[in-house]
Structures are given as C-alpha cells and as structure tokens.
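Taking it in order: structure first as structure tokens, then the write-up.
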Amino acid sequence: MNARPLLAAAVVVLCPAFAGADEPSVVRPNVLLIVSDDQGVNDVGCYGSEIPTPALDALAAEGLKFEQFYAASSICTPSRFGLLTGRFAHRSADALTGALMFLDPADAQRGLRADETTFVSLLKKNGYRTHLVGKWHLGHGTIGEGGGKFWPTEHGFDTFFGHTGGCVDFFTCRYGNVPDWYRGEELVPTDAYATDVITDEAVALIRGGKRDESEPWFLEVAYNAPHYGKGWDEPANRTRNVMQPKPADLEKVTRLGSRIENPLRRAFAAKVVGMDAGIARLLDALEESGQAEDTLVIFMSDHGGDPDYGGSNAPLRGEKATLYEGGVRVPCLVRWPGVVQPGATTDAVATALDWFPTFADLGLLEDAPTNLDGQSIAPLLRGEPLPKHVPIVWATGSHAELDRAAWVAVRDGDWKWVRHKGDEALFDLAADPRETTNRLADRPEIAARLRALAD
C-alpha cells in the first residue's frame with residue numbers, strides 16, 4: 001500500500017516518516033490508545049471469540065489486525081512500564097517485574113521513577129496535550145521520606161482521572177473499602193459503574209479536543225475491564241476478588257443462551273460487552289467531532305486472560321502471569337485513515353515496546369532515548385515489510401502473596417525459549433504456535449543463544 005498521496009493531501013505539520021523529499025509533511029495525528037485489562041486473544045470477536053465485540057470488530061475491519069502482537073509482560077505493572085518507557089521491565093530502577101500491591105507498605109515506595117522517560121513526556125514536550133483516564137498501576141505512594149510521588153502527571157500526562165492500584169470495586173470505584181479514584185492528585189467521589197466512569201470522561205475529552213493542527217492530543221483510555229473487581233467483605237473485614245459485571249450487560253450476554261453457558265465465562269463476557277460498548281462511544285465521539293480522520297487509534301490488551309476469572313487465550317498455551325504464548329500474545333488493532341489499509345492483517349512480530357520508537361519514527365516526538373528495547377513498526381502501518389524483529393525478553397518476578405514463581409522467556413525470530421522453576425523449554429513457533437513440543441534436546445545451540453540473551 002502506498003499511503004503518501006492520501007497523506008500529502010491531508011495538510012501540514014510534521015510527520016516526516018510519511019512524507020517524501022518533495023512532499024509536504026502531514027498533520028501529526030491525535031493518538032487514542034485503548035488498553036484493556038486481562039483480555040486474551042480468545043476474548044475478542046474478530047479473533048474468534050464467542051463474545052460479541054462489534055466495536056472492536058469494526059476497528060479491525062477499518063484498520064490493521066495483528067496476529068503476533070506481544071505485551072511487554074504477562075503481569076499488569078511490568079506490562080505498563082514496558083508500554084510507556086519502551087524498556088524491558090527488568091531494567092526498571094525498582095525491579096517492576098511483578099504487580100505492585102495497593103495495600104503493601106513496601107510497594108508504596110516503588111514505581112515509575114522520575115528519570116525513567118515515557119513517550120508521553122516527549123509527546124507533551126513536542127506540543128501534544130496528554131491525558132490518562134483509567135488504570136495507572138505504576139506507583140501509588142511516595143518515594144521515601146520527603147520524596148516525590150508516582151503520579152501520572154509527573155510522567156508526562158497533563159491530566160489524570162482514574163485509579164492508581166491494580167483494580168477497583170466496579171460499583172464503588174474503591175480498592176475494597178479504600179478510596180482510590182483521583183482527578184489529578186485529589187481523591188474524588190464517583191457514583192457510577194467504573195467502565196462507564198472511564199468512558200464518560202474519555203468521551204468528554206475527545207469532544208473537547210478539537211484543535212488546530214499545531215496542538216494534537218494523546219489520550220490513553222486504560223480500562224480495568226474485564227479484570228475482576230476488588231470488593232470488600234465486611235464480615236471478614238478483607239478485600240475479595242469478584243467479577244462484578246454490570247447487570248444490564250449480564251442480561252445482554254444471558255440472552256445469548258447456549259452460546260456462553262458457563263456462569264463465570266458469562267460474567268467475564270458481560271464485562272467485555274460493556275467495555276466494547278464504551279469503545280463504540282469513543283469511536284462515535286471521534287466521528288461526531290470531526291476528528292476520526294485525524295486520529296490514530298490503537299487497541300491492545302495489557303497481557304493474556306486469566307481462566308480463573310473467565311478469560312480465555314485459546315488455542316494458545318498458558319495464561320496471565322505465565323510466559324507461554326497465552327500470557328503475552330494479545331489482541332492488537334490499529335486504525336489510521338489514509339495510512340493503514342482497511343481490513344489488513346499482519347503476521348509480523350510486534351510488541352508494546354515498539355510504540356515508543358514508532359512514535360519517534362513518525363515524527364510525533366523528538367529526542368527519544370537511544371536505549372529503547374523495541375523497534376519502529378511504522379513500516380507495518382504503511383503496509384510495508386518489517387525487518388526481522390529484535391529479540392524480545394520477558395522476565396517476571398516471584399510473588400509469594402499471589403503464589404507466582406519467576407519466569408524468563410526470549411523470542412528471537414521463530415524460536416522461543418522459556419525457563420520456569422528451573423525447567424527450560426524451546427519452541428519453534430512457526431511450526432508449533434501452541435508450544436506443544438519441546439525442541440531443547442535437538443536444538444541445544446539455539447537454546448544456548450537465547451539463554452545468553454536472557455542471562
């Protein structure tokens with residue numbers, strides 16, 4: 001696909017990656033990044049799920065669908081660190097390889113540090129208005145005695161409306177019985193279902209975001225759905241993990257009858273359905289405000305689904321918090337009118353770490369760090385071949401409270417090496433995408449090379 005003639009007609013400001021030597025630069029697009037929580041590849045209709053997701057399916061039909069897109073981790077906090085910094089989470093100053101626990105005093109002094117650059121901060125420096133609505137999970141306390149704080153507004157976001165912990169009660173927007181919903185740095189009351197609270201705020205920002213070409217916006221909408229809710233068990237005086245679908249959404253899914261029979265899966269599906277309806281409202285707001293043609297829309301999940309709470313990564317092996325494919329390979333859709341070919345699909349390997357260098361390559365930001373761990377996937381957006389992806393390394397830490405052991409994995413080309421509890425495995429993903437056959441014995445030299453990348 002050659003998108004340049006379409007873009008050259010679009011107008012005028014700075015996107016050098018898509019303009020030829022004699023062509024005018026194009027308008028820097030708005031960027032709408034939608035991140036779902038605990039949603040696997042079998043939890044989106046266009047990826048084969050039984051859960052209806054018409055808004056996401058439409059996004060796929062109007063844009064690019066990734067078949068081999070990877071989260072930066074299989075756990076929330078390190079996944080979000082990698083997404084925003086373009087760096088492997090095991091490189092983080094505070095070793096953010098596991099989930100930050102909201103009620104753990106030690107974790108109140110850990111998070112994204114001031115010297116860890118986010119692409120959001122560079123977008124802001126380059127003239128973007130920047131907003132985060134929804135989940136943060138990169139720090140919820142202070143850095144030691146008299147230290148700074150981990151607020152999103154200290155990492156490039158002009159505004160923040162949402163929660164700092166890993167999950168909330170969907171009906172009270174609290175972490176159990178502890179308030180955790182902020183506007184900026186101030187706690188605020190909420191009186192609606194969390195998914196709707198997030199959507200309402202995001203729609204208002206989009207509708208208020210129409211601008212001249214010199215001041216685009218970046219909006220991350222980080223839904224907590226379809227993650228479980230963090231309820232409060234009053235008799236037991238403790239938090240409780242509970243699905244908490246919105247009743248109206250559960251009724252919609254119930255009407256599907258035998259299509260989704262399992263009660264847990266049905267509750268999970270209801271949360272997906274409610275989020276998809278919210279995404280439809282975001283896309284409608286872009287259209288109705290005349291900004292759809294000027295907005296790059298990205299949808300992705302933060303990592304694989306958790307079957308214990310209704311998620312599905314079928315037919316892939318593994319789940320959330322593991323480093324098999326089901327833990328890290330996630331749905332990803334991209335729409336950019338005039339650039340991305342509608343209805344396109346790619347089997348190229350890509351990762352959330354790639355958005356930082358991609359935005360730099362597109363001219364949306366300047367002075368990107370030279371030590372990023374991803375690579376630009378701008379060629380894929382243009383419908384062009386992508387050079388072989390740089391090796392991807394994942395490392396998750398052990399977490400006794402959540403009964404999780406450490407994992408390490410590396411993907412380089414078609415080969416993937418995994419280590420867990422001292423056991424190693426090597427898979428040829430081109431021939432064996434479901435990771436059923438360990439090739440360690442017959443290809444030890446490949447395992448040694450990938451092990452060296454990890455160690």
- Task: Test Val168 against Arg174 for side chain to side chain contact (heavy atoms under 4.5 Å, CB included), laying out the working first.
- Result: CA-CA 5 Å; Val168 293; Arg174 294 175 170 233; over 6 Å; no

[X] [atom1] to [Y] [atom2] distance, which is reported to the nearest 0.5 Å:
X: Arg317; Y: Tyr324; atom1: CZ; atom2: OH; answer: 3.5 Å
X: Leu286; Y: Asp294; atom1: CG; atom2: CG; answer: 10.0 Å
X: Lys65; Y: Asp57; atom1: NZ; atom2: CG; answer: 9.0 Å
X: Asp158; Y: Thr130; atom1: CG; atom2: OG1; answer: 3.5 Å
X: Leu187; Y: Asp180; atom1: CG; atom2: CG; answer: 7.5 Å
X: Leu381; Y: Leu362; atom1: CG; atom2: CG; answer: 6.5 Å

Do [X] and [Y] have side chains that get closer than 4.5 Å, going by heavy atoms?
X: Val188; Y: Phe161; answer: yes
X: Phe359; Y: Leu122; answer: no
X: Leu64; Y: Thr345; answer: no
X: Arg110; Y: Asp104; answer: no
X: Arg443; Y: Trp415; answer: yes
X: Ile298; Y: Ile34; answer: no
X: Leu32; Y: Val221; answer: yes
X: Leu386; Y: Gln375; answer: yes

Exercise: identify the closest heavy-atom pair between [X] and [Y]:
X: Ser36; Y: Phe299; value: OG-CZ, 3.7 Å
X: His137; Y: Ala99; value: CE1-CB, 4.1 Å
X: Asn42; Y: Ala314; value: CB-O, 3.3 Å
X: Trp417; Y: Ala454; value: CZ3-CB, 3.6 Å
X: Ile75; Y: Thr97; value: CD1-O, 4.0 Å
X: Cys167; Y: Lys230; value: SG-CE, 3.6 Å

Answer with yes or no whether the side chains of [Y] and [X] bring together a donor and an acceptor at under 3.5 Å.
X: His420; Y: Trp407; value: yes
X: Asn224; Y: Asp37; value: yes
X: Asp276; Y: Thr53; value: no
X: Asp43; Y: Ser49; value: no
X: Tyr70; Y: Glu325; value: yes
X: Asp38; Y: His303; value: yes
X: Ser79; Y: Asp302; value: no
X: Asp354; Y: His389; value: yes

- Task: For Leu333 and Leu56, run side chain to side chain contact (heavy atoms under 4.5 Å, CB included): C-alpha distance rounded to whole Å, both residues' side-chain angles, the deciding distance at 0.1 Å, then the answer.
- Result: CA-CA 8 Å; Leu333 308 168; Leu56 290 176; 4.2 Å; yes

- Query: Taking only residues two or more places apart in sequence or in another chain, which ones pass side-chain contact (heavy atoms from CB on, under 4.5 Å) with Ala448?
  - Reply: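 Partners of Ala448 by the side-chain contact (heavy atoms from CB on, under 4.5 Å) criterion, ordered by chain and then number, come out as Arg451.
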
- Atom NZ of Lys388 with >12 non-hydrogen neighbours under 6.0 angstrom: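 Yes, NZ of Lys388 has more than 12 neighbouring heavy atoms, counting only those of other groups under 6.0 Å.
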
- Message: Counting neighbours of CD on Glu424 that are heavy atoms of other residues, nucleotides or ligands and sit closer than 6.0 Å, is the number greater than 12?
- Response: yes

- Task: Give the intermediate values and the outcome of salt bridge (Lys or Arg N to Asp or Glu O under 4.0 Å) for residues Arg335 and Glu62.
- Result: CA-CA 6 Å; Arg335 186 185 78 179; Glu62 296 165 0; 2.8 Å; yes

- Task: Scan residues 193-207 for pairs that pass side-chain hydrogen bond (donor to acceptor under 3.5 Å, both in side chains), counting only residues two or more places apart or in two chains.
- Result: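 The answer is Arg183-Glu201, Asp196-Lys246, Thr199-Tyr223, Asp200-Arg281, Arg207-Glu288.
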
- Task: Determine, using ring centers only, whether Tyr182 and Trp136 are less than 6.0 Å apart.
- Result: no

- Task: Could you tell me if the ring centre of His131 sits under 6.0 Å from that of Phe218?
- Result: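 Not under 6.0 Å, so no.
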
Under 3.5 Å, side chain of [X] to main-chain N/O of [Y], donor-acceptor pair present?
X: Thr164; Y: His140; answer: no
X: Asn438; Y: Leu426; answer: yes
X: Glu116; Y: Ala93; answer: yes
X: Lys135; Y: Gly166; answer: yes
X: Ser376; Y: Ala378; answer: yes
X: Thr358; Y: Ile377; answer: yes
X: Thr295; Y: Ala292; answer: no
X: Gln291; Y: Ile206; answer: yes
X: Arg87; Y: Asn371; answer: yes
X: Asp107; Y: Leu100; answer: no

- Query: Is it the case that Lys124 places NZ or CZ above or below the six-membered ring of Phe119, under 6.0 angstrom from the centre and within 45 degrees of the axis?
  - Reply: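 No, Lys124 does not sit over the ring of Phe119.
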
- For the pair Tyr228 and Tyr309, name the ring-plane relationship: parallel under 30°, tilted 30 to 60°, perpendicular over 60°.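 Rings of Tyr228 and Tyr309: tilted, as their planes differ by 30° to 60°.
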
- Query: According to the interplanar angle, ranging from 0 to 90°, do the rings of Phe66 and Phe69 count as parallel (below 30°), tilted (30 to 60°) or perpendicular (above 60°)?
  - Reply: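 Perpendicular, since the angle between the ring planes exceeds 60°.
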
Assess whether a salt bridge exists between [X] and [Y], defined as any Lys/Arg side-chain N lying under 4.0 Å from an Asp/Glu carboxylate O.
X: Asp373; Y: Arg91; value: yes
X: Lys125; Y: Glu366; value: no
X: Lys416; Y: Asp428; value: no

- Begin from the C-alpha positions of Phe160 and Val133 and carry the test side chain to side chain contact (heavy atoms under 4.5 Å, CB included) through to its verdict. CA-CA 6 Å; Phe160 168 54; Val133 180; over 6 Å; no

- Output, in order, the C-alpha distance, side-chain angles, deciding distance and verdict of side chain to side chain contact (heavy atoms under 4.5 Å, CB included) for His227 and Gln39. CA-CA 8 Å; His227 194 291; Gln39 187 172 19; over 6 Å; no

